[in-house]
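Accompanying notes for the structure given below.
Side-chain atoms are counted along with the backbone in the values below, which use heavy atoms only and exclude waters and symmetry mates. Lettering follows sequence order; numbering is per chain, from 1.
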Protein chains: 2
Amino acid sequence: MPESEQWLELLEEKGCRITEPRRTIVDLMVHSDNALSPIDLFDKARASFPKMGLVTVYRTLEILNQLGLVERVHQKGGCHMYLRAANGHEHIMLCTRCGQAAYFHGDDLGALIHKINSESGFLIQEHWLQLHGLCKNCQ
Amino acid sequence: MPESEQWLELLEEKGCRITEPRRTIVDLMVHSDNALSPIDLFDKARASFPKMGLVTVYRTLEILNQLGLVERVHQKGGCHMYLRAANGHEHIMLCTRCGQAAYFHGDDLGALIHKINSESGFLIQEHWLQLHGLCKNCQ
DNA sequence: ATGATAATGAAATACATTTTCAATAAGGAA
DNA sequence: TTCCTTATTGAAAATGTATTTCATTATCAT
């Protein structure tokens with residue numbers, strides 16, 4: 001089953017109606033190699049669905065984020081872009097030159113987290129790691 | 001030498017004038033255990049320097065950020081707060097209950113980064129790790 | 001096919017940040 | 001010290017980003 005369909009099924013399970021705007025945004029997010037801002041999505045979406053409203057982009061991103069399907073990308077310049085979420089122990093890598101995102105399925109950070117827990121007394125509940133560099137093409 | 005003085009010297013070396021607003025903000029950032037937003041800083045600063053302008057807070061944070069003395073903190077709710085920057089291989093931990101920040105000096109990411117470089121072809125230039133959990137007091 | 005209501009888009013609003021600019025103050029030169 | 005240059009400042013305006021409101025539309029269970 002195409003990934004877009006899986007996302008739409010999750011939306012349906014959550015009790016959401018499947019609409020044209022949502023289909024459009026899901027499709028764009030599933031297939032994008034680059035992080036996209038709400039405005040990026042708005043512009044791209046209107047190519048195939050001219051009536052798309054910017055508010056709907058925000059609302060749909062919020063739902064997809066709640067479902068863990070997309071996540072906000074954090075960059076020096078700002079934190080306004082979204083990307084397909086990393087699954088399990090994947091980590092996101094962003095190319096600083098072309099913007100392409102890649103997912104690396106590396107070790108989990110369990111050992112480090114555990115060490116921090118025991119040495120610092122801090123009880124870590126959540127962590128995120130983001131990597132910035134040059135992709136193969138841009139080196 | 002107090003850390004505030006060190007920061008001010010770095011500002012001077014950069015060619016900046018040492019002003020009352022800058023002293024005030026530096027002092028607040030050096031001594032804060034919690035991440036602070038521009039508005040937080042604005043409010044706190046006016047306690048000792050009532051004429052402080054919000055724009056100056058933004059401008060000073062930008063300079064301190066360029067000098068690597070403060071860094072933006074990334075949280076689910078948004079990325080509008082700043083903290084003394086982590087040095088070397090320190091990583092920032094934030095308490096999700098009281099907001100207190102702690103710095104943990106544990107590397108171990110070198111191996112992971114190296115592995116990613118060789119396996120993915122991606123050349124990692126920078127990495128950010130941020131940890132969220134409960135500090136000793138809040139557990 | 002119908003109807004209840006979730007979802008939508010546009011406008012208004014709220015919030016965050018940056019730009020502009022005249023007045024002020026820092027700090028080197030006299 | 002006093003003067004002068006100019007970086008810095010604060011206020012207002014402008015820009016950019018995100019959310020709320022609300023009447024209209026479209027989904028989907030019946």
List, one per line, each side-chain donor-acceptor pair under 3.5 Å for residues 27-48 of chain B, sequence neighbours excluded.
residue : atom : partner : partner atom : Å
B:Asp27 : OD1  : B:Ser4  : OG           : 3.1
B:His31 : ND1  : B:Asp27 : O            : 3.0
B:Ser32 : OG   : B:Asn34 : N            : 3.1
B:Ser32 : OG   : B:Asn34 : O            : 2.6
B:Asn34 : ND2  : B:Cys98 : O            : 3.1
B:Asn34 : ND2  : B:Gly99 : O            : 3.1
B:Ser37 : OG   : B:Asp40 : N            : 3.1
B:Ser37 : OG   : B:Asp40 : OD1          : 3.4
B:Ser37 : OG   : B:Asp40 : OD2          : 3.1
B:Asp40 : OD2  : B:Ser37 : N            : 2.9
B:Asp43 : OD1  : B:Arg46 : NH2          : 2.9
B:Ser48 : OG   : B:Ala45 : O            : 3.4

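- When the local axes at the two ends of the helix from C:dA1-D:dT30 to C:dA30-D:dT1 are compared, using 5 base pairs at each end, they differ in direction by 40° after rounding to 10°.
- A centroid separation of less than 6.0 Å is found between the aromatic rings of A:Trp128 and A:His74.
- Atoms CG (B:Leu41) and C1' (C:dA16) sit 15 Å apart, rounded to a whole Å.
- Side chains of A:Glu5 and A:Trp7: no donor on one and acceptor on the other come within 3.5 Å.
- To the nearest angstrom, P of C:dA7 lies 12 Å from CD of A:Glu62.
- Taking every nucleotide of DNA chain D with any atom under 4.0 Å from a non-hydrogen atom of chain A, the first and last of them, 5' to 3', are D:dT17 to D:dC28.
- Because its NZ or CZ atom is both nearer than 6.0 Å to the ring centre of A:Tyr103 and within 45° of the ring axis, A:Arg84 counts as a cation-pi partner of that residue.
- The backbone N or O of A:Leu134 lies less than 3.5 Å from no partner atom in the side chain of A:Arg97, so there is not a single donor-acceptor pair.
- Here the P atom of nucleotide C:dC15 and the CZ atom of B:Phe42 are 16 Å apart, to the nearest Å.
- Contacts between residues 19-34 of chain B and DNA chain D, defined by a heavy-atom separation under 4.0 Å, are made by B:Thr19, B:Pro21, B:Arg22.
- The base of C:dG9 lies close enough to the side chain of A:Arg59 for a donor and an acceptor atom to sit less than 3.5 Å apart.
- When heavy atoms are screened at a 4.0 angstrom cut-off, B:Phe49 is found touching the sugar-phosphate backbone but no base atom.
- Going from atom CD of A:Glu12 over to atom C1' of C:dA6 covers 14 Å, rounded to whole Å.
- For DNA chain D, the residues of residues 69-86 of chain A within the heavy-atom distance limit of 4.0 Å (strictly under) are A:His80, sorted by number.
- Near DNA chain D, meaning a heavy atom under 4.0 Å from it, residues 51-58 of chain B has B:Lys51, B:Met52, B:Gly53, B:Val55, B:Thr56 in order of number.
- Residue contacts for A:Ile39: at a heavy-atom cut-off of 4.0 Å it reaches no nucleic acid atom on any strand shown.
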